[in-house]
Amino acid sequence: MTVTSVHQFAQCITCHAWSSDQSMVAFCPNNNEVHIYRLVEDKWEKVHVLQKHDQVISGIDWSARSNRIVTASHDRNSYVWNLEGSEWVPTLVILRLNRAALCVQWSPKENKFAVGSGAKTVCICYYEQENNWWVSKLIRKRHDSSVTSVSWHPNNILLATTSTDGKCRVFSTFIKGVDAKDSKKSTSSDLKFGELIVQLDLSSSWTFGVKWSPSGNTLAYVGHNSMIYFVDDVGPSPLAQNVVFRDLPLRDVLFVSEKTVIGVGFDCNPMVFAADERGVWGFVRYLAERKTVSSGSRYGSQFSEAFGKFYGQSKQGGSNDAVETSRTRGAVHDNCINSIMPLGEHGILTKRFSTSGLDGRIVLWDLENEQDLLEL
């Protein structure tokens with residue numbers, strides 16, 4: 001078992017983020033507030049409640065260097081929170097959205113952050129020193145539906161997005177005056193803002209949870225069709241692979257090494273995927289033991305009968321023993337895991353991470369003692 005600790009905070013957690021030293025955690029308990037807890041003598045104590053949004057908060061990220069928190073909400077607003085003394089002071093970000101903000105993430109250099117929205121738009125936000133506020137440049141008319149997830153490339157310029165139109169896209173976010181030209185790696189900095197680098201149409205369903213590998217050479221994202229996609233050489237001629245699994249769809253992913261990915265989602269149990277020496281990705285195992293939760297046998301019989309009719313199977317000659325009367329769940333989480341976050345210093349690869357879910361739990365995981373995974 002790789003679980004180091006389990007903390008029950010709320011009935012439902014939509015998103016969470018950690019301070020740079022992991023002494024504090026911020027999360028949204030499925031409402032318009034952000035609760036911040038601090039670890040005091042092995043106990044978690046609530047120290048702050050951030051209240052400014054009018055509707056449920058859908059995204060949160062905590063910058064490691066500047067110690068700023070950014071939030072995004074269904075109220076179409078985003079705030080940057082700065083700790084002044086003992087109080088968190090919010091600064092409104094001008095997003096110019098007419099639909100809900102769905103996700104947010106700081107860039108690696110923390111001079112920008114990206115907000116995905118239900119308006120088929122991505123907002124790239126940066127600080128304008130002259131006016132002392134955060135403004136945004138919009139990537140419009142590129143998505144055909146809501147933007148569900150965003151992920152920054154390590155070069156601070158490229159941004160990957162997923163959408164409910166079933167596609168994953170990579171854009172340039174170079175902003176003159178904010179990003180510096182890189183003479184050694186001029187390819188990314190020469191691209192115009194909002195330029196589409198590649199559009200990946202690998203999924204026939206909604207797509208979620210996109211992440212770059214630590215080197216930025218590989219991109220991973222998941223679909224609502226119980227598939228995970230891996231893309232190498234992102235550009236005009238990408239190399240793509242997909243892995244099909246039998247269980248419920250994933251919602252988010254995280255690279256713990258160049259060749260190892262952790263996926264979390266509706267199955268309530270983190271899944272490990274890895275690439276072999278040939279570069280072929282596949283499912284390895286679950287991180288936690290699976291347990292069986294009994295459901296009503298009457299419900300199971302009715303479901304199985306309907307399932308058989310749907311596929312044109314005859315129920316004659318069938319045995320009652322073949323009726324599925326139980327369902328499998330995770331051993332640690334009891335409901336959908338909707339986010340996974342690394343635990344460690346900024347920019348340094350770590351085998352420790354945390355997950356949060358609709359069961360109100362934040363779980364800390366450690367792979368340091370998992371020898372079979374460390375050898376992948």
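Heads up: numbering here begins at 1 and tracks the sequence. Worth saying up front: this structure is predicted, and the values here are computed from it rather than measured. When reading the values below, keep in mind they use all heavy atoms of this one structure, side chains included, and skip hydrogens, waters and symmetry mates.
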Indicate the atoms forming the closest heavy-atom contact of [X] with [Y], along with that distance.
X      : Y      : answer
Asn338 : Arg251 : CA-CB, 4.3 Å
Asn156 : Glu110 : OD1-N, 4.4 Å
Trp88  : Leu50  : CB-CD2, 3.4 Å
Ser145 : Ser163 : O-OG, 3.3 Å
Arg361 : His333 : O-CE1, 3.5 Å
Leu158 : Ser172 : CD2-CA, 4.3 Å

Before accepting this row, confirm whether a basic side-chain N of the pair [X]/[Y] lies closer than 4.0 Å to the acidic partner's carboxylate O.
X      : Y      : answer
Lys112 : Asp179 : yes
Lys259 : Asp276 : no
Lys167 : Asp165 : no

[X] side chain to [Y] backbone, donor-acceptor under 3.5 Å:
X      : Y      : result
Ser58  : Ala101 : yes
Ser136 : Cys125 : no
Ser356 : Cys15  : no
Ser213 : Thr218 : yes
Thr207 : Thr162 : no

If you draw a 6.0 Å radius around [atom1] in [X], do more than 12 non-hydrogen atoms from other residues or ligands fall strictly inside?
X      : atom1 : value
Trp44  : CH2   : yes
Lys211 : NZ    : yes
Glu258 : CD    : yes

Is there a donor in the side chain of [X] and an acceptor in the side chain of [Y], or the other way round, less than 3.5 Å apart?
X      : Y      : result
Trp206 : Thr148 : no
Ser107 : Asn111 : yes
Thr71  : Trp81  : yes

Under 6.0 Å between ring centres, would you say that holds for [X] and [Y]?
X      : Y      : result
Phe273 : Trp281 : no
Phe245 : Phe283 : no
Phe266 : His224 : yes

Any salt bridge (Lys or Arg N to Asp or Glu O under 4.0 Å) pairs touching residues 97-108, not counting sequence neighbours? none
Give me the other members of the hydrophobic cluster that Val122 sits in, counting Ile, Leu, Val, Met, Phe, Trp and Tyr linked by side-chain heavy atoms under 4.5 Å, directly or via other members. Ile94, Ile124, Tyr126, Trp133, Val135, Ile139, Val147, Val150, Trp152, Leu159, Phe171, Ile175, Val178, Phe193, Leu196
Applying the side chain to side chain contact (heavy atoms under 4.5 Å, CB included) criterion to Ser78, which one of Val93, Ile57, Thr91, Leu92 satisfies it? Val93
Residues passing the side chain to side chain contact (heavy atoms under 4.5 Å, CB included) test with Pro29, sequence neighbours excluded, are Ala10, Phe27, Asn31, His35
